[in-house]
S.K.: 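I'd like to ask some things about the structure below.
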Amino acid sequence: MSEIQKQQAPRKQVNIIRNIVLLGIVLGVLLPMLPQLIWSITHRWYFPDLIPSEWSARSWEYIVNPNTRVIRAFLNSLVIASAVTVIGIVIGVPAGKALGMYKFKLKWLVELIILAPAIVPSLAATMGIQVIFIRIGLADTMLGVILVHLIPTLPYMIVTLSGVFANYDPEFEEQARSLGANRAKTFFLITLPAVFPGIVTGSMFAFLISWGQYILTILVGGGRIITLPILLFSFTGSGDNSIASALSIVFVLPAIIILIVTSKFLSGKSSGMGGFGSI
Amino acid sequence: MNMKKVLIVMLLLVVTMGGTLWAAAQQEAQAPFEARYKTMTWDQIVAEASGQKVYHYMWGGSDTINNWVSGFYANRLKTKYNITLEMVPVTGPQVYINKTLGEKQAGKDTGGAVDLVWINGENFKTMRQGDLLFGPYADKLPNTKYVNMDAKAIAYDFGYPVDGYESPYGAAQMVMIYDSAKTANPPKTVAALLAWIKANPGKFTYPALPDFSGSAFIRHLFYYANGGTDGLMGAFDEKKYQEVAAKFFPMLQELEPYLWREGKTYPESLPKLNDLFANGEVYFNFNYGPGDAAAKIKSGQFPATVRTFVFDEGTIANSNYLAIPYNSSSKAAAMVAANEMLDPEVQYSMAVERNSWPLIVNVGKLPAEWQTKINSINMGPAVLSGAELSNHTLPEMMADWLVRIEKDWTKLVLQQ
Amino acid sequence: MKKFSILIMLAPALAVIILLFLGGLLLGLLQSVNYMPIIGLNDFSLNAYASIFSDSQFLGSLALTLGISIVTTLLTIVFSIVTALALRQTFLGKRLVNFLYQFPITIPHLVIAIGIMLLYSQSGFFSRIATNLGFISTQSEFPILVYDDLGIGIVLVYLWKQIPFVGLIVLSILQSSGNDFEELAHSLGANKWQTFRHVLLPLIIPGILPASIICFAFVFGSYEVPFLLGKPYPAVLSVLAYRLYEDTDLSARPEAMAIAVFIAVFVSILVLVYKKVIKNVSGRAD
Amino acid sequence: MTSVTLRNLQKTYDNATEPAVKDLNLEIKAGELVALLGPSGCGKTTTLKMVAGLHDVTEGEVLFNGVAVNNIKPEKREVVMVYQNYLLFPYMNVEDNIGFGLRMRKVPKAEIADRVGKMLKLVQLEGFEKRKPSQLSGGQKQRIALARALIIRPKILLLDEPLSNLDAHLRDEMREMILNIHREFGLTTIFVTHDQEEAVLLADRIALMFDGVLQQYSPPKEFYEKPRTKRIASFFGNHNRLYGVLQGTVVHTAIGDFATEQVGIPDGSKVCLVIRPQSVLLEHSGANCIKAVINRIIYMGTYIRYRITVDGNEWDIMGDPHPLAGYEEGKEACFTLPKDKIWLIPETLETQETPERI
């Protein structure tokens, strides 16, 4: 009896520590997201009140008011991030396959070049390239913004996909061909499903990196291409907590949708998160 | 992997890019507007403006102003002149100055991104000296007849001659802001304020320069150190500057320990100060817009007990302007937009809808109907009357002084 | 034939990165030495570098940026391991906690920067709670956690974002081989601490080093969060660089470019050193 | 020398409804080499890990030399486990891997070096001290893993599928090594396998488990000759069946009566008569004889296989590799079931089992 108690005591202790860590995770994750919910419907909330003294829908009226173009900025952000993602997939799948499945000369150099933008901040390159963008008319255009957003997104897309392709057995494709599937069928029925989790994870990275981009958008879009981060920035600077909060809630919505959709792909082995180990 | 498809998509991408470049390279065949506008009638300009799109770059941190510009003002331009006005919210004037400057450097002399800017002071001077502005155009605007264009505070922007390269838009005057619930009797002179700061440590600060408002506040202390505006109104004078600076900077350094966070840091912008003030962390605030405090009461940012005052010796007044970059592709529409800003109805709306006060137009010059309407505006207890404001104005120094003060402030105060 | 098709597969990606990224860096480098005839810069000079390296503001920014990056990276490593160890076990509500844990990966930095500001600033929620509980009487007494000298608010945002990112990698390492190795170590006589120290840690660390390097580089070069939550002086390098780039005086641009080039070179050297060290230490050359 | 007793051992995993191991009772004598045999998922590895203390026991007891060890932590049990995939620490060289357990016990460095050297000699890998695991072959890894386990002089050695990852020729070599080491050290050894042949070749006794339940625990021979159930019989390979009712020492079946020597089954029980293919004699000896048409004759090199149908069941019979007169395809022939080779399984025993799968 006493021995059993002796043995259980440390286990309980471990559980307590674990529970503290778990509580830390829950609170740590949730707390920085809660104030926005309250602030977005606040009219007056002065220090040191714990709850607002007056509530109002002002911020949400601002959001839906077509004059303020929040909705348009939202759509702009959506178009840009989606385009970046699609182009990222189109460019990333072949590159990921090449890097994941084949050995070739100077592969290390190719890997280095492709990874470079994930490590070296894109701000440096974008500041350098802006003057050329102005000259060739890409500045202040959607296309220009999409192009610079590709810089920081491509490495993540390709690394994720190459991780998936590295675990992919090309003999499945051969088997399918020998069973009578043509190239297209093989691609859609065999290759695509096999690398799909990687595409989902890579797309998620690409979309979110583009979605959260401020400095590259302002540099190349020059303010003319108004995205949500640009609106958000002008309000975080103005001290209007209510509108900044409402905007940040709008800003976070797609992220939450994406998370719900991709959650199961994130933790699995097939996600290609392991690709980051190859750097 | 389906290589052909990938290639096709890539090809499409290249073609799209190329197409955009080609389109951008296609310049308008017609003679440029800047070569013709001087001989055009206003009606011709209005006609040419129809269908044009104006990118209006301005500070975008106020929901009321954003709403008004993108709503009332943009709608009016659309219905009245078929001009599309796109407000581009930015964090500060350096965004569009740098942008235009960059375009000039890159040789993009037409089809620039910026068509109309909200500007004044040293920023105007920078753009003017960099040959970044279109003009002179202000004299072509019919509605300037409502404005005392010859008044020194309008014809000179921070002592720098406007020369028609920008058109007035709103009047500004520094007002001090306090919460009557916390400070019943605010110190109404600079000397009294300095004494108050020392008696109430940690309850006062100002935004770090080169913040627009922080810089304006500091200039009041500069005048105070000089004992008035004498000798400061002309071009920059190194000897005079050194003389005043010898008193001014020690005064600021002496003040630092009594400031919020003992002057170790400063809020980096006016909005940060607004936040500190709204939450009672500091007891004073100030703003270049005498009506701004009332707007913030309305939006809930400030308590209803907030009031404003001006120093007995006066506060600095100046004007806000609109200007058109040299490489704008919609100069006609930008001119129409700038003119419309001085329309009596628009000015009235500015006062009522966005607490813009006082108005730049001379109310006496307006049609009688608008005179009565404007005179009957009740801005509420947090806004001083036009007379109270106009009886306590101080002139601006020329921008060179400002630049020097800001530079030395960073060195001698912030970085100490 | 195969060589050719590999080249085609890589071509689009390489084209984008070489043209836009490396090209951009090169243009930045040219502008930093004041040489870019296409925009009228003809006088090659290293003045910009001389001036930033002798500028105390730059050195202050460098120190701050390094400090923030190092502290963030170290804390990320520690907390990602701690949280992953806790999440690995089975407990009630595991699915929910796991879901929450993945949350930060998708939430943009900006949103959390605002949240951290609303929580930790002197007028923030925690300060209000402390005041209401009577711990402090005015908000000035609340510790300065945002807009502070040390960049604590900035670090908090990055930790929020990065711990789960690295933590998920730790978790996958633990799940793929950690359990067996751990059991083995126990059966060979290692106690809990020894198992962690000699078995789990050596398994985890090489696995998360690349991610940590990415985190470090990201923090070192990012703009948004320090702009929102940092002090005006000293500002982190990227904020300083952009401020100079935005300066209405075009002559500040070479300095802005010089700082950007410095950031790029610094981070590159760091990664190369890391690769070298990894090669020597673990022999897992690849 | 340590004996192991498992008493009413039960294990239910946190998220499972069914226990992985049910009410297991097992006596392993000191120095014995025992195989836990069964198809994958039968609970054998779970049992092994409960002995090691790596998995908690849900119910019941694990006793070493009669003393319960349920509450003793794995690192204190002096039981060491060798994993199927060797689990050599990838970041340590061979020397450090082998010395790991000693370092954990804070043994002086000089002694560690000395004992590591001896171990390498034992597993015939001298000179491999500085190699990394990635530079070793599968067999070498296995031997290092074994050395790493033995160096801490455990009371009990546990092997999880020790041969399954090895090539056929390495398997023989490794089996020899395990047997030699077992003989030399006299260690109580338990190993897990799904391969009955491996179990038979190595073990003193085999514990066969299906679905978490111990089926039979006996020396290998008995699994062939005296399987407790039909399923056990199937698991140990080809056998022939005939159903009938036992009266005294005679089984009455639809095709005749068969005498047996087996005792202990109540009179009148329904039984399944089981006999191995090699036990059936190709001769007509009067008693215990079956007459059947030969469906097929297959030449197998070392023997000839005859296929016949007996009361609806397919039978295989192994005969000499020389063709026998009268035993031809399509002809009726006689087959004798020696009564000492007949094994009877009472039909009632089958009812407590899950449906038969072959």
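Every value quoted in this text rests on a predicted model; they were computed, and no experiment measured them. Labels below follow one simple rule: chain letters A, B, ... track the order of the sequence lines, proteins then strands, and each chain is numbered from 1.
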S.K.: Decide if the gap between the ring center of B:Phe284 and the ring center of B:Phe277 is smaller than 6.0 angstrom.
M.R.: no
S.K.: Sort B:Lys264 into side chain, backbone, both or neither according to what part of it lies under 4.5 angstrom from a heavy atom of chain C.
M.R.: backbone
S.K.: Are the side chain of C:Ser121 and the backbone of C:Leu118 linked by a donor-acceptor contact shorter than 3.5 Å?
M.R.: no
S.K.: Top residue by heavy-atom pair count (under 4.5 Å) with chain C, among B:Asp275, B:Leu276, B:Leu101, B:Thr126?
M.R.: B:Leu101
S.K.: Using non-hydrogen atoms and a 4.5 Å limit, figure out which bit of C:Asp247 sits close to chain B: side chain, backbone, both or neither.
M.R.: backbone
S.K.: Determine which pairs satisfy ring pair (Phe, Tyr, Trp, His ring centres under 6.0 Å) with at least one residue from residues 134-163 of chain C, sequence neighbours left out, and list them in order.
M.R.: C:His109-C:Tyr158
S.K.: Without placing hydrogens or testing angles, list every side-chain donor-acceptor pair under 3.5 Å for residues 207-214 of chain B, not counting sequence neighbours.
M.R.:
residue, atom, partner, partner atom, Å
B:Asp211, OD1, B:Leu270, N, 3.3
B:Asp211, OD2, B:Ser213, N, 2.9
B:Asp211, OD2, B:Gly214, N, 2.9

S.K.: What part of C:Arg243 gets closer than 4.5 Å to chain B, counting heavy atoms only: side chain, backbone, both or neither?
M.R.: neither
